[in-house]
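Below, chains carry the letters A, B, ... as their sequence lines are ordered, and counting in each starts from 1. Computation of the quantities below employed the complete heavy-atom set of this structure, encompassing side-chain atoms and omitting hydrogens, waters and symmetry-equivalent molecules.
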Amino acid sequence: MKNKEEPSAHSRRGNPSVQVDLYFPDNVGTETTGSPSRPGDTAATRAGQPALSNSLESLMQHVVADANFEAAWKSVKRNRGAPGPDGITIAEFPDWFRPRWLSIRQQLLDGTYRPDPVRRKTIDKPDGGKRLLGIPNIVDRLIQQAIVQILTPVFDPHFSDSSHGFRPKRSAHGAAKQVRRTVRRGYRFVADFDLSKFFDRVQHDVLMSRVARRVRDKRLLQLIGRYLRAGVMVEGVLQPTDLGTPQGGPLSPILSNILLDDLDKELERRGLPFVRYADDFAVFAKSPRAAERIMNSVGRYVAKKLRLVVNEEKSRVLACTEFEFLGFSFPKSRANINVSVKSILRFKQRVREITGRSRGISMDRRLGELRRYVRGWMGYFGIASQLKLFDKLDQWIRRRIRMCYWKQWKRPKRRRAMLIRLGVPRRQAIRHARSRKGHWRMAKTIASNVGLTNKWLQEEGLLSLKTLWAQLAPLRRTA
DNA sequence: CTTCAAGCAAC
RNA sequence: UUUGUUGCUUGAAG
Ligand SMILES: Nc1ncnc2c1ncn2[C@H]1C[C@H](O)[C@@H](COP(=O)(O)OP(=O)(O)OP(=O)(O)O)O1
Ligand SMILES: [Mg+2]
């Protein structure tokens, strides 16, 4: 497939799609003696459906395969994430990595590679708490991603159909739809669970025993263990990590699913309907008593077998009508999915921020920002079947925009620019902007311009939440 | 179907 | 500045 007709690293015009800026299998050998790449394994690995061709004890060779690392680098690069403790950025990484690749790969194969600690960054959670991120160096994000691409086809096919978080071809929408189907089957009570500080509290020995069930390559197991114990730099001081998997490591999400896979299997064994999204899972029952019993027994299972902590504040037994999950709620017993109250409040708050900030950028940019926010938001919540709600929010946003224009209107200079942009002939606009006529006239003009504005917004595709909603009809199929 | 850019959401 | 997985929306280039 690959031929070595073009050894140059320069991006020649014509074939930018073939350009590879990280690693060149055919010309990297300038500093080595032998040919580094084996012919058999380069094309063997692919992240998708086709199963790994062979044995579990040689998984590390699949990890370090050229094609796998290429794909891993594209993934890491795509995120454009901030650097880890070593300060190497995405832009400078290829030059840093190229001379070290052969050495690193050999260390990975020898089982002598030692990951660097991660960088601690504390960010705010929506609920007011703090989230402790662990940001690995780029090189470790690359290696972890390369591992993920091998572990995914090994583990993911065996995961439960009720597990939806962090998995390819699964989504929060799919989870919400499954909740909807389960409730409609008559399960109108739910034991809602959330785990406390989930990633931070992962027990290494429990996790590693689960990983070892399908990974027999000792080098790979050892490497994963070393990633868990790599430590964390907190303001320049190295702290050990004898607990937890870093929030920010590419490997962590699939590890968390491998850990909780036993929970899924246990719930399936008990014949309990459930839906899980990461550490947020709901077990369904037909009576409050049964849900209460499930809450207790599953809580015990999680504590005893997985040695994880159930978040008592976020976990409780609910009627399905008061159950909020993944930003949705599930009214009555119909086939509807609604936007949760919290999500509506967040939406309105965000719109207020965009439209309401007085100083800064002008109206045009704010509307552009608002437009793409509303579009993206609708892309997620458009699964909901609340035409009335979206119409209400639509009117509410228009009212806010009108208010913004009123404020702008008080400044004559902006008044003129606005009129011109809205399509009023230039001379007329200038004349009007200078006029000191009565308030009624101004109001009349504003009213007509608001009409123009609304028209413009629709033509630009900003609003009419209803139109956006209508276009997302396929999203709501089979809901 | 793939790649890139802007963004939204869940965790 | 804020990392990661996954899904999606719009636009551009194939
Ligand atoms: N922005 C993020 N970046 C990386 N990992 C995340 C992020 N958000 C969530 N996660 C992962 C790590 C979390 O442990 C896990 C579950 O999320 P979440 O329940 O919101 O927080 P938490 O379980 O760590 O704390 P809490 O005790 O408040 O529930 O999902
Ligand atoms: Mg949690």
Protein-proximity profile, nucleotides 5-11 of chain B, B/S/- by nucleotide at the 4.0 Å heavy-atom cutoff, equals SS-SSBB

Quick one: which of A/L393, A/I397, A/D394 gives a side-chain contact (heavy atoms from CB on, under 4.5 Å) with A/V374? A/I397

Which of these, A/D192, A/D194, A/L263, A/L260, sits in a side-chain contact (heavy atoms from CB on, under 4.5 Å) with A/F281? A/L263

How far, in whole Å, is C/rU1 from B/dA6 if one measures between their P atoms? 13 Å

Base, sugar-phosphate or nothing for [X]? Non-hydrogen atoms, less than 4.0 Å.
X: A/L133; answer: base
X: A/G81; answer: sugar-phosphate
X: A/Q471; answer: nothing

What integer distance in Å separates [X]:[atom1] from [N]:[atom2]?
X: A/L142; N: C/rG4; atom1: CG; atom2: P; result: 12 Å
X: A/I254; N: C/rU5; atom1: CD1; atom2: C1'; result: 10 Å
X: A/K125; N: C/rG4; atom1: NZ; atom2: C1'; result: 15 Å
X: A/E369; N: C/rU9; atom1: CD; atom2: C1'; result: 17 Å
X: A/I90; N: C/rU1; atom1: CD1; atom2: P; result: 12 Å
X: A/Q178; N: C/rG7; atom1: CD; atom2: C1'; result: 16 Å
X: A/Q145; N: C/rU6; atom1: CD; atom2: C1'; result: 12 Å
X: A/I135; N: C/rU5; atom1: CD1; atom2: P; result: 13 Å

Using only heavy-atom distances, determine whether the side chains of A/S163 and A/S160 contain a donor-acceptor pair under 3.5 Å. no

Using a distance-only test with no angle check, is there a side-chain donor-acceptor pair under 3.5 angstrom linking A/S297 and A/R270? yes

Pair assignment for C/rU5, Watson-Crick or G-U wobble, requiring both distances under 3.5 Å: B/dA10

Strand partner of C/rG14, provided both Watson-Crick or wobble distances fall under 3.5 Å: B/dC1

Distance check: side-chain N/O of [X] vs OP1/OP2 of [N], anything under 4.0 Å?
X: A/N257; N: C/rU5; result: no
X: A/N79; N: C/rU5; result: yes
X: A/S75; N: C/rU5; result: yes

Sorted by position of nearest nucleotide on RNA chain C, 5' first, the leading residue of A/G249 and A/S171 is A/G249

Can you label the angle between the A/F97 ring and the A/F69 ring as parallel, tilted or perpendicular, going by 30° and 60°? parallel

Between A/D279 and A/K314, does any NZ, NE, NH1 or NH2 come within less than 4.0 Å of an OD or OE carboxylate oxygen? no

Under-4.0 Å salt bridge between A/R170 and A/D161: yes

Lys/Arg cation over aromatic A/W377: A/R346, 6.0 Å, 45° cone: no

Looking only at the side chain of A/P168 (C-beta and beyond, no hydrogens), which of the listed nucleotides C/rU5, C/rG7, C/rU2 gets closest? C/rG7

